[in-house]
Amino acid sequence: MTAVLDRARSLPGWARSALIAAALVAVLSVTVTLTGQTQLTSGGTASAAVRLGLPILLAGLGGLWAERAGIINIGLEGMMVLGTWGAAWAGYQWGPWAAMLGGLVFGALGGLLHAVATVTFNVNHIVSGVAITLLGTGLTKYLATLVFTPVSQNPRQSPRLEGFTEFSIPGVSEGLAALEAQQRVFVSDLAGLLSGLVTGLTPILVIGVALVPVSYLVLWRTAFGLRLRSAGESPVAAESLGVNVVLHKYVAVTISGALAGLGGAALVLNPGQLGYLENQVGGRGYIGLAAMIFGNWRPAGLLVGSALFGYVDGLQLRAGGEAVHALLYGATLVAVVVAVLWAIRRMWTAAAVALVAGLLVYAVYWSVDTVPSEFASYAPQLVTLIVLAAASQRLRPPARLGEPYRRGEGR
C-alpha cells in the first residue's frame with residue numbers, strides 16, 4: 001500500500017487531481033446508496049454546480065496569475081464586483097459578448113490599479129487588495145445609481161440582460177440522462193455528474209473551462225510563463241538574467257484582474273440571473289482565492305477546488321438542508337479514508353485528528369434529521385475553512401510571494 005501511495009505522489013498534478021475527483025465520486029455514490037439522497041449526484045445539481053463554480057474558477061485563475069508573479073491579490077473580490085457592473089452596462093447596450101468584454105475591461109482596470117500600488121509604489125499587498133475591494137464596492141454602487149436607476153427604477157440592480165443561447169452536446173447528454181435514470185450504483189451517479197458538463201452550456205462557460213489548460217500551457221510551457229513565474233520565485237536572479245521583472249508583474253496582475261472581472265461577468269450572465277444585482281458577488285472572490293490555495297497554486301488543483309465549492313453551493317440551493325445533511329455522511333467517509341491513508345504513512349497525529357473530526361461530523365449527522373436553511377446557506381464558506389485547514393500542511397506558495405521588489409535589485 002505504501003508503494004501505491006508513493007507512485008500516486010509521483011504522478012503529475014493533473015493525474016492526482018483526476019484521482020481525487022474519482023475518489024470523491026465514489027464517496028458520493030456510496031453516500032447516495034446509504035442515504036437515498038439522489039440529488040447528491042443528479043444532473044440538475046451538477047449543472048447548478050458548474051454554473052456556480054465558474055465565477056469561483058475564474059477568480060481563482062486570476063489569483064493564480066498574480067501570485068505566480070509574486071503579488072498577493074486579495075482584491076479579487078473587488079475586481080469581480082467591478083466586472084459585474086462593467087458586464088451589466090456593456091451587456092445592456094450591446095449584448096452578451098459585449099458583457100464579457102465589459103467584465104474583462106473593468107476587472108483589468110482594477111488589476112492595473114493593484115499593480116501600480118504594489119509594484120510601483122510598494123504598497124503592502126493586503127492593504128492594496130482590501131482598498132480595491134472597498135473602492136470597487138463603493139464605485140459600483142455609485143455607478144449603478146447613476147446609470148441603472150433611470151432605466152430599472154432600482155439603484156441596486158440593472159435591467160434584465162440578453163443572455164447566451166444554451167446548448168448541449170448532442171447524443172452525449174441524452175445518453176448520460178438515460179444512464180442516470182437507470183439508478184445503477186456508481187454508473188448512474190457518475191452519469192448524473194457528467195451530464196452537468198455537457199448540458200445547458202454557454203460560450204462563457206466553455207471559455208472559462210478552456211482557460212484552465214490555456215493558463216497551464218502559457219505559465220508552464222512558454223518562455224513568457226517561465227519569466228513570469230521567475231518574478232515570483234526569485235526576481236533578483238531573474239533580473240540579473242535580463243528579465244523585465246516589473247513589466248511581467250504588471251502584465252500578470254492586469255491579467256489577474258481581467259480574469260476576476262470575467263468571473264463577475266459570469267455571474268451577470270448566469271441564466272438564472274441575467275443582470276447586475278448589488279452584493280451578488282457574495283464573497284466568491286475570497287472563495288476563489290481559497291480554491292487557488294487548495295490547488296497549491298496549480299491550475300488542475302484549482303479546478304478541483306472550484307468544482308468542490310461550486311458543488312456545495314449548488315447542492316444547498318437546489319436541494320436544501322436535507323441534501324447538505326446527507327453530505328455530512330459523505331464527509332465522514334472522507335475523513336475515515338484520509339485517516340487510514342495517514343496511518344499507512346505512519347503519520348499518527350494527523351490520522352488521529354482526521355478520525356476524531358470524522359466522528360464529530362458523524363455525531364452531528366446522527367443527532368439531527370436536517371440542516372437548518374440558515375446554516376445550509378453557509379455551507380460553501382464552511383467547506384472553504386475546512387478544506388484550507390486540511391490542505392495547509394502541503395502548501396508550497398511562490399518563494400517571494402508578497403515581498404516588495406524594486407527595479408535594479410539584481411544589478
Side-chain angles (χ1 to χ4, degrees), residues 51-52 54-63 65-66 73 75-117 129-166 202-208 211 253-288:
R51 292 176 178 176
L52 292 169
L54 178 62
I56 296 172
L57 173 65
L58 291 168
L61 282 174
W65 275 81
N73 192 358
L76 290 168
E77 180 84 1
M79 296 170 197
M80 286 189 76
V81 172
L82 289 170
T84 58
W85 190 89
W89 173 74
Y92 177 70
Q93 304 289 335
W94 302 292
W97 289 102
M100 285 181 57
L101 181 60
L104 278 167
V105 170
F106 274 77
L109 290 174
L112 182 61
L113 180 61
H114 188 48
V116 170
V130 171
I132 288 174
T133 298
L134 295 174
L135 175 64
T137 303
L139 181 61
T140 52
K141 285 183 179 181
Y142 170 74
L143 291 175
T145 302
L146 184 68
V147 175
F148 294 145
T149 300
V151 183
S152 65
Q153 308 305 316
N154 188 340
R156 295 186 175 182
Q157 68 181 53
S158 70
R160 187 171 178 83
L161 307 180
E162 176 190 355
F164 286 113
T165 301
E166 297 180 47
T202 60
I204 191 172
L205 176 59
V206 175
I207 291 171
L211 284 171
V253 182
T254 303
I255 292 175
S256 173
L259 290 170
L262 186 60
L267 282 172
V268 169
L269 293 172
N270 188 317
Q273 179 69 51
L274 289 179
Y276 165 87
L277 184 66
E278 189 176 302
N279 298 324
Q280 72 188 125
V281 174
R284 287 178 175 84
Y286 300 117
I287 297 178

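Positions are given from 1, in the same order as the sequence printed here. Just so it is clear, the model here is predicted, and its values are computed rather than measured.
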Next item on the list: Output the distance between atom CD1 (I287) and atom CD1 (I56), rounded to the nearest 0.5 Å.
Entry: 5.0 Å

Notebook entry, point to check: Are the side chain of Q273 and the backbone of V268 linked by a donor-acceptor contact shorter than 3.5 Å?
Noted result: no

When the side chains of residues 96-104 are checked against the rest of the protein, which donor-acceptor pairs come out under 3.5 Å, sequence neighbours left out?
none

Margin query: To the nearest 0.5 Å, what is the distance between OG1 on T137 and CG on N279?
Written below: 7.5 Å

Margin query: For a quick test of reading the model, state the closest non-hydrogen atom pair linking T145 to P155 and the distance between them.
Written below: OG1-CB, 3.6 Å

Check: Say you draw a straight line from OG1 of T202 to CG of N270; how long is it, rounded to the nearest 0.5 Å?
Finding: 8.5 Å

Checklist line | Q93: partners by side chain to side chain contact (heavy atoms under 4.5 Å, CB included), with sequence neighbours left out | finding: W89

N/O donor to acceptor pairs below 3.5 angstrom from side-chain atoms of residues 254-262, sequence neighbours left out:
residue : atom : partner : partner atom : Å
T254    : OG1  : Y250    : O            : 2.8
S256    : OG   : G62     : O            : 2.5
S256    : OG   : N73     : ND2          : 2.7

Checklist line | Shortest non-hydrogen separation from P55 to G263 and the atoms involved | finding: CB-O, 3.6 Å

Next item on the list: Would you check if S152 and P159 make a side-chain contact, meaning some heavy-atom pair closer than 4.5 Å?
Entry: yes

Next item on the list: Quick one: closest heavy-atom pair of A266 and L58, and the distance?
Entry: CB-CD1, 4.2 Å

Next item on the list: State which residues pass salt bridge (charged side-chain N to carboxylate O under 4.0 Å, His left out) with E166; sequence neighbours excluded, sorted by chain then number.
Entry: R51

Notebook entry, point to check: Going by heavy atoms in the side chains, are V151 and Y92 under 4.5 Å from each other?
Noted result: yes

Item checked: Sequence-distant partners of L274, side chain to side chain contact (heavy atoms under 4.5 Å, CB included), two or more places apart -> R160

Notebook entry, point to check: Minimum heavy-atom separation for Q280 to L267, with atom names?
Noted result: O-CD1, 3.9 Å

Check: Taking side chain as C-beta onward, heavy atoms only, is F164 less than 4.5 Å from V206?
Finding: no

Item checked: Heavy-atom pair with the smallest gap, counting every atom of A59 and M80 -> CB-SD, 3.6 Å

Check: Among pairs that include at least one residue of residues 253-274, which meet ring pair (Phe, Tyr, Trp, His ring centres under 6.0 Å), considering only residues two or more places apart or in two chains?
Finding: none

Note to self: Applying side chain to side chain contact (heavy atoms under 4.5 Å, CB included), can you list everything that pairs with E278, at least two apart in sequence or on another chain?
What the structure shows: K141, R156, Y276

Margin query: Would you compute the distance between atom CG of L139 and atom CD1 of I132 and round it to the nearest 0.5 angstrom?
Written below: 12.0 Å

Item checked: From CA spacing to verdict: side chain to side chain contact (heavy atoms under 4.5 Å, CB included), V147, W85 -> CA-CA 10 Å; V147 175; W85 190 89; 3.8 Å; yes

Item checked: Nearest heavy atoms of G86 and F106, plus distance in Å -> CA-CD1, 3.5 Å

Checklist line | Distance, nearest 0.5 Å, that separates OG1 of T84 from CE of M79 | finding: 13.5 Å

Next item on the list: Supply the atom-to-atom distance T149 OG1 to L143 CG, rounded to the nearest 0.5 angstrom.
Entry: 11.0 Å

